[in-house]
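Values below: every heavy atom of this structure, side chains too, minus hydrogens, waters and symmetry copies. Because the structure is a prediction, the values reported are computed rather than measured. Chain letters run A, B, ... following the sequence lines, proteins first and then strands; every chain starts at 1.
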Amino acid sequence: MSDLRETRLEKAAALAALGQGPYALRFEPSHRTAALQQDHADLANGEERVLEVAVAGRVMTRRVMGKLAFFTLADETGPIQLFIEKSTLEASMPEDPEAFAHLTSLVDAGDLIGVQGSLRRTDRGELSVKVKGWAMLCKSLQPLPDKWHGLADVEKRYRQRYLDLIVSPHTRETFRRRAVAVSSMRRWLDERDFLEIETPVLQSVPGGADARPFETHHNALDLQLTLRIATELHLKRLVVGGFERVYELGRIFRNEGISTRHNPEFTSVEIYQAYADYVDMMVLTEQLIAHVCQQVCGSTQINYQGTDIELAPPWRRATMHELVQTATGLDFNCFDSREAAAAAMRAQQLEVPALADSVGRLLVAAFEQRVEADLIQPTFVIDYPVENSPLARAHRSKPGMVERFELFIVGRETANAFSELIDPVDQRQRLQAQQERRAAGDDEAQSVDEDFIHALEVGMPPTGGLGIGIDRLVMLLTDSPSIRDVIAFPLLRPETGPGAMG
RNA sequence: GGGUCGCUAGCUCAGCGGUAGAGCACUCGGCUUUUAACCGAUUGGUCCUGAGUUCGAAUCUCAGGCGACCCA
């Protein structure tokens with residue numbers, strides 16, 4: 001390992017002695033490789049094209065055979081072969097009579113080089129740059145991952161993502177798609193007069209979701225602060241302030257476990273539209289996600305882990321009550337006590353969580369156990385019990401319920417929306433009930449944010465609000481099984497011990 | 001938090017109670033149509049850690065560490 005590094009440092013010194021860097025200031029490529037591959041697809045085997053090109057990239061493989069060598073050079077768009085002939089190279093580089101020996105002995109796989117030459121398709125049909133000049137751009141001191149197996153160690157893929165990106169075109173494509181998803185989402189919202197306004201990450205009262213926050217401290221004010229667990233309460237303050245369409249797409253932090261669907265920091269977009277309700281938000285959700293899917297995948301029909309998914313609107317809408325009744329035979333409207341519901345659930349071999357202290361919470365428990373995982377095609381699950389939704393408005397016609405939906409795709413919660421609660425008296429009671437649960441030991445329960453209540457007392461228009469988990473959406477659009485596949489640098493335990501990489 | 005599996009050369013892995021192995025990579029030599037190039041040679045090890053069983057442990061047992069997958 002360190003032998004390889006020593007050898008490469010020696011080669012770097014040899015290059016420096018030849019006036020070749022090894023860390024060049026700049027290089028001007030004339031083309032990217034994918035464009036060359038595409039534009040010269042018609043070049044016949046063994047033919048050469050009268051065209052001088054300059055390309056830059058990383059040397060991926062080397063095959064040296066006497067007085068002829070083949071390298072593959074990859075730029076961001078992909079690979080192209082270098083056809084390196086001793087006689088040609090040395091005839092066009094009179095300043096270095098050993099140009100071929102230098103190129104083949106001082107350039108290793110992993111180095112970044114620039115080459116210039118003409119285009120030639122080899123007898124075996126590989127489009128190549130026939131090299132007439134070369135320059136070292138950056139000497140690499142570390143080996144590339146195994147050229148055949150790649151980065152087989154999953155952990156190393158996340159820990160050293162740069163290596164994963166170098167050797168895995170699929171990983172590059174995933175992050176390219178993520179960028180397209182985010183930018184097309186912003187553009188769609190901007191075109192509809194939504195304003196993106198940034199709200200604080202550092203908060204003294206975390207709110208807007210049931211989750212444990214990360215804690216931190218501001219020295220100058222000697223103030224305990226938490227990282228935000230949602231953007232909801234500040235975006236609503238902006239609606240109170242008169243912005244009728246606002247959103248924020250950004251990072252959220254929740255102090256919880258790590259799984260294939262959870263990373264402690266993740267990205268959400270929250271969208272608020274004044275004078276709208278949750279039915280309007282359903283339409284907005286399906287339009288927005290279908291649009292993003294079209295932009296990213298070129299179609300609204302996609303395949304996720306072997307299952308075909310159709311994202312063209314309209315999507316199925318079903319109440320939580322109906323879904324649970326269909327799946328379990330239990331009609332939760334009929335239960336007049338928690339015990340009655342619990343007994344009926346046990347009769348169906350459903351687990352009855354001790355923390356679920358009401359019929360509504362049991363309904364949610366039954367939903368999670370028997371329905372959620374089977375909601376493969378996009379489905380709006382509508383009308384939730386009030387107990388679990390302290391920021392959603394009471395249902396217009398169903399007592400004990402709120403106007404809320406969650407969007408499920410491939411069995412995963414992907415979006416959450418309400419007709420927002422704008423009654424400050426009701427809101428205070430709901431948050432106080434949460435605070436009591438908190439005092440009783442539920443550390444995911446919410447607290448009372450007095451300034452937020454004050455804002456509601458100033459008056460907020462009827463508003464529809466929506467949150468979408470960007471990471472889970474990107475997983476869907478990139479066919480990724482784990483959230484770690486769509487986060488460039490997912491949280492990992494730091495490496496310790498003598499081999500630690502920092 | 002529970003279960004299953006894994007940890008041996010830089011990488012991918014074999015070895016499962018008796019001298020530590022292969023392929024690739026690296027280094028050196030050869031080679032003008034290769035693309036996992038090929039041919040030859042040389043390098044390269046805290047077998048995750050600790051304790052135990054044994055004449056003898058990479059191998060068996062126990063504990064711990066780290067990771068992957070599944071479940072909650």
Side-chain angles (χ1 to χ4, degrees), chain A residues 1-11 14 33 37 43-48 59-74 78-91 100-101 103-111 119-131 139-160 163-164 166-168 256-262 305 350-356 365 368-370 372-373 411 481-485 490-501:
Chain A
M1 184 63 159
S2 65
D3 280 352
L4 181 139
R5 191 165 172 276
E6 288 303 317
T7 307
R8 292 199 175 184
L9 282 169
E10 283 164 21
K11 291 180 181 180
T33 64
Q37 299 279 14
L43 189 61
N45 288 6
E47 296 292 308
E48 214 165 310
V59 175
M60 302 304 290
T61 62
R62 307 163 68 245
R63 292 177 293 280
V64 180
M65 40 208 68
K67 299 184 178 63
L68 180 69
F70 300 92
F71 288 9
T72 45
L73 186 75
I80 193 162
Q81 181 168 264
L82 305 184
F83 179 92
I84 307 162
E85 203 173 33
K86 186 172 194 288
S87 53
T88 304
L89 180 65
E90 292 184 352
F100 182 80
L103 175 53
T104 53
S105 66
L106 298 179
V107 176
D108 293 296
D111 291 353
L119 279 183
R120 175 194 175 89
R121 192 175 295 281
T122 63
D123 297 348
R124 299 292 184 87
E126 189 74 39
L127 185 70
S128 309
V129 176
K130 185 175 178 182
V131 177
K139 184 73 195 165
S140 170
L141 303 181
Q142 295 286 342
L144 285 181
D146 187 280
K147 66 184 171 189
W148 183 239
H149 300 97
L151 265 187
D153 181 344
V154 184
E155 188 196 355
K156 203 165 189 177
R157 286 218 320 260
Y158 302 137
R159 247 183 230 292
Q160 296 179 245
L163 289 178
D164 184 28
I166 288 167
V167 299
S168 167
E256 56 196 24
I258 295 174
S259 79
T260 50
R261 294 177 302 281
H262 298 88
Q305 303 290 300
L350 282 154
E351 213 177 301
V352 177
L355 277 174
E368 286 171 352
Q369 290 173 60
R370 288 290 165 82
E372 219 174 86
S482 169
I483 196 169
R484 293 194 198 186
D485 297 325
L491 185 70
L492 300 169
R493 188 187 302 276
E495 278 191 302
T496 53
M501 306 289 291

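Straight-line distance between the P atoms of B:U49 and B:A58: roughly 10 Å, to the nearest whole Å. Spacing between B:U43 and B:C55 at atom C1', rounded to whole Å, works out to 35 Å. Look at the C1' atom in both B:G65 and B:C48: the space between them is 7 Å, to the nearest Å. Remark: the separation of the P atoms in B:G52 and B:A57 is 12 Å, to the nearest Å.
No donor-acceptor pair under 3.5 Å is formed between the side chain of A:Arg484 and the backbone N or O of A:Leu492.
Across every strand in view, B:G17 sits unpaired, with no contact that passes the Watson-Crick or G-U test at under 3.5 angstrom. Pair assignment for B:G10 gives B:C24, based on Watson-Crick or G-U wobble hydrogen-bonding distances that are each under 3.5 Å. Within the shown strands, nothing qualifies as a pairing partner of B:U59 under the Watson-Crick or G-U definition with both distances less than 3.5 Å.
Between the CZ atom of A:Arg121 and the C1' atom of B:U33 there is a distance of 14 Å, given to the nearest Å. Atom CD of A:Glu6 is separated from atom C1' of B:U43 by 16 Å (rounded to the nearest Å). When the P atom of B:A25 is taken as reference, atom CG of A:Asp108 falls 13 Å away, rounded to whole Å. The distance from atom NZ of A:Lys156 to atom P of B:U12 is 7 Å, rounded to the nearest whole Å. Straight-line distance from the CZ atom of A:Arg62 to the P atom of B:A36: 17 Å, rounded to whole Å.
At a threshold of 4.0 angstrom between heavy atoms, the contacts of A:Lys11 are confined to the sugar-phosphate backbone, with no base atom among them.
Within a 6.0 Å radius of CD in A:Glu351, no more than 12 heavy atoms belonging to other residues, nucleotides or ligands are found.
Proximity of A:Arg120 to the phosphate of B:U33: no side-chain N or O atom is located under 4.0 Å from OP1 or OP2.
In terms of position on RNA chain B, the residue among A:Ser482 and A:Ser105 whose nearest nucleotide sits closer to the 5' end is A:Ser105. Comparing A:Tyr158 and A:Thr72, the nucleotide of RNA chain B nearest to each residue sits closer to the 5' end for A:Thr72.
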